[in-house]
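Computed from a predicted model, the values in this text were never measured in an experiment. Protein chains get the first letters and strands the later ones, always in sequence-line order, with residue 1 at the start of each.
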Number of protein chains: 2
Amino acid sequence: MTVDRQRRPVKTAATSFAILERLKEQGTLGPTALASELDLAKSTVHRHLKTLEQEGYVVLDEDGYRVGLRLLDFGIHARNQHNLYEVAKPKVDELAEQTGEKVWCVTEEQGRGYHLYGAGGKHSVRTPAREGTRSYLHQLAAGKAILSAFSDDRVDEIIDQHGLPAKTNATITERDELFEQLATIRDRGFALNREEIVPKLHAVGVPITDQAGHPVGAISLSGPSNRLTDDRLEDELANLLLGAANEVEINLSFS
Amino acid sequence: MTVDRQRRPVKTAATSFAILERLKEQGTLGPTALASELDLAKSTVHRHLKTLEQEGYVVLDEDGYRVGLRLLDFGIHARNQHNLYEVAKPKVDELAEQTGEKVWCVTEEQGRGYHLYGAGGKHSVRTPAREGTRSYLHQLAAGKAILSAFSDDRVDEIIDQHGLPAKTNATITERDELFEQLATIRDRGFALNREEIVPKLHAVGVPITDQAGHPVGAISLSGPSNRLTDDRLEDELANLLLGAANEVEINLSFS
DNA sequence: AGTGTTGTTCGCACTATTCGAACGCTTGTT
DNA sequence: AACAAGCGTTCGAATAGTGCGAACAACACT
């Protein structure tokens, strides 16, 4: 479960991926810019880029190198491995249509949350999340819902490994505080998020578990705090999501 | 444009990607199985896997290692770089709904075709193509449509680099034959595919170009040969796609 | 024309990777 | 119950491969 720090990592592979990561963050870059950002000789970066280009992992256009579509193949494959994606997708679409807000399906890998699929209703807001986005579980409504379905030991492991970094001043940063919230979530069945990741953004999340009760993911609904008041979240919307999650769980058990 | 073979590739990075590629193809594997397939020492493979695991590019579960969701982030990013995706998506959905068949949006990188987005209508057939799939352009209706919008020199370059490998016995394998077809495609505005990639599968494809006339991709519609007769393809469906492509081109020019 | 970029190639020193052997561990067999 | 065979994992040693830096060519902008 826990990924322990290894003694002898393959540094060369790590730098190739560091280059890809930078290209993803910054868009299109040249060897010189990359070299100075990564503290490498530009000849080294150049050699890596050419190797990556050969296989289509990066592409060279007139402005420089960018991430290539070859990686889409890997990403889609990784997503299809989780059959939560296929099962939850129609429900997410339905919820987005029905409520008009942004709805996400999130899953967990190695103690981090990944946004599998999202659908935006009529007046859904723009958030930094996109498909594929990796987040800290304690910063998400869906993430806290997932954590609530884990054992306390597993939650401790995850905190030990990733910490509780803050995003806004409402983010949970204390272990005790998190466990308190998880207790309420287990009790009520849903998690709330009030500006803990983006100011003025509220959300509800409910866990999706397998027959053994282990979490396979969560679905969440988010929107502006003025529209998503505590009353609406705890009553109307939480129940809506709980019903949807239940359906997804049933469908998951036959796939 | 053309990716020329480099003298000194970064071998270590290449093996890391070879491992990922194998994991994608075979699903879940252990170090021993991977080592024998790639002709490497299992200790070497193990070290690569642990490095990849550390960053979330692969994940270890009870059956072995699999491709991790971290790569979804890269893939989605690569797709979003092509604004064809965002613009063509609603049109593809609409065509799928309207015709009931499978509709794809395809783009080109380094002389290969990538399936950006696909939507299946009511009675659409299952094909090997998924989102992210990389194909040879000459094997696809959409691919031939893209080639028809390139200059002859560029098409020659692409053939030199990737060849004309066959998939079925109807696949185009001769340079002259391809150029003949491209002439007709340029003339009529659409490309046909009759069992050239999958037996009993027919398709139509039309190119999408920018203001300068350079191809940015194509959309295609495919289905079983008995339903997609030559008459229907050349008349009804080709016109439908041409209209859609035209709309996409206009929307692209304002994005 | 000249100066400052950038992307690219190549030889050399040395770091980092590869291999193989050996370890503990589980699975299945006699 | 004991043993064998398979797996994943760790570690040292040899050498193969990487990273650096200097030098070159191709542009762009004075």
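Rounded to an integer number of Å, the gap from CG of A/Asp63 to P of D/dA28 is 13 Å. We find that NZ of A/Lys11 is positioned 12 Å from C1' of D/dT18, with the value rounded to whole Å. Atom pair A/Leu40:CG and D/dC20:C1' shows a separation of 10 Å (rounding to whole Å applied). Here the P atom of nucleotide C/dT17 and the NZ atom of B/Lys50 are 17 Å apart, to the nearest Å. The interatomic distance linking B/Ile19 (CD1) with C/dT17 (C1') rounds to 13 Å, in whole Å. Rounded to whole Å, the distance from CG on A/Leu29 to P on C/dG7 is 10 Å. When rounded to the nearest whole Å, the span between NE2 of B/His48 and P of C/dC19 equals 9 Å. Across the protein-nucleic acid pair, B/His46 atom NE2 and D/dT10 atom P stand 5 Å apart, rounded to whole Å.
Nearest-nucleotide positions on DNA chain C for A/Ala13 and A/Gly30 put A/Gly30 closer to the 5' end.
When ring centroids are compared, B/Phe17 and B/Tyr57 stay outside the 6.0 Å threshold.
Side-chain contact between A/Ile219 and A/Val92: present, with at least one pair of heavy atoms (C-beta onward) separated by less than 4.5 Å.
Taking only distance into account, the side chain of A/Arg47 never meets the base of D/dG17 through a donor-acceptor pair shorter than 3.5 Å. For B/Thr32 and D/dG8, a side-chain-to-base donor-acceptor distance below 3.5 Å is absent, hydrogens and geometry of angles not being considered. One cannot find a donor-acceptor pair under 3.5 Å joining the base of D/dG19 and the side-chain atoms of A/Thr15.
Listed candidates were C/dT8, D/dT9, D/dC20. Nearest to the side chain of B/Leu60 is D/dT9. Taking only side-chain atoms of A/Arg8, from C-beta outward, the nucleotide of C/dT17, C/dT8, D/dG19 with the closest atom is C/dT17. Checked against D/dG17, C/dC19, D/dT9, the side chain of B/Tyr65 finds its nearest nucleotide in D/dT9.
Taking only side-chain nitrogens and oxygens, B/Lys42 never comes nearer than 4.0 Å to OP1 or OP2 of D/dG8. Under 4.0 angstrom from either OP1 or OP2 of C/dC19 there lies at least one side-chain N or O belonging to B/Thr44.
For the residue pair B/Tyr65/B/Lys50, the side-chain donor-acceptor check at 3.5 Å is satisfied.
To the nearest 0.5 Å, atoms CG (A/Asp61) and CZ (A/Arg66) are separated by 5.0 Å. Rounding to the nearest 0.5 angstrom, the gap separating the OH atom in A/Tyr114 from the CD atom in A/Glu108 is 9.5 Å.
Contacts of A/Thr12 with the nucleic acid, taken as non-hydrogen atoms under 4.0 Å apart, involve only primed sugar atoms and P, OP1 or OP2.
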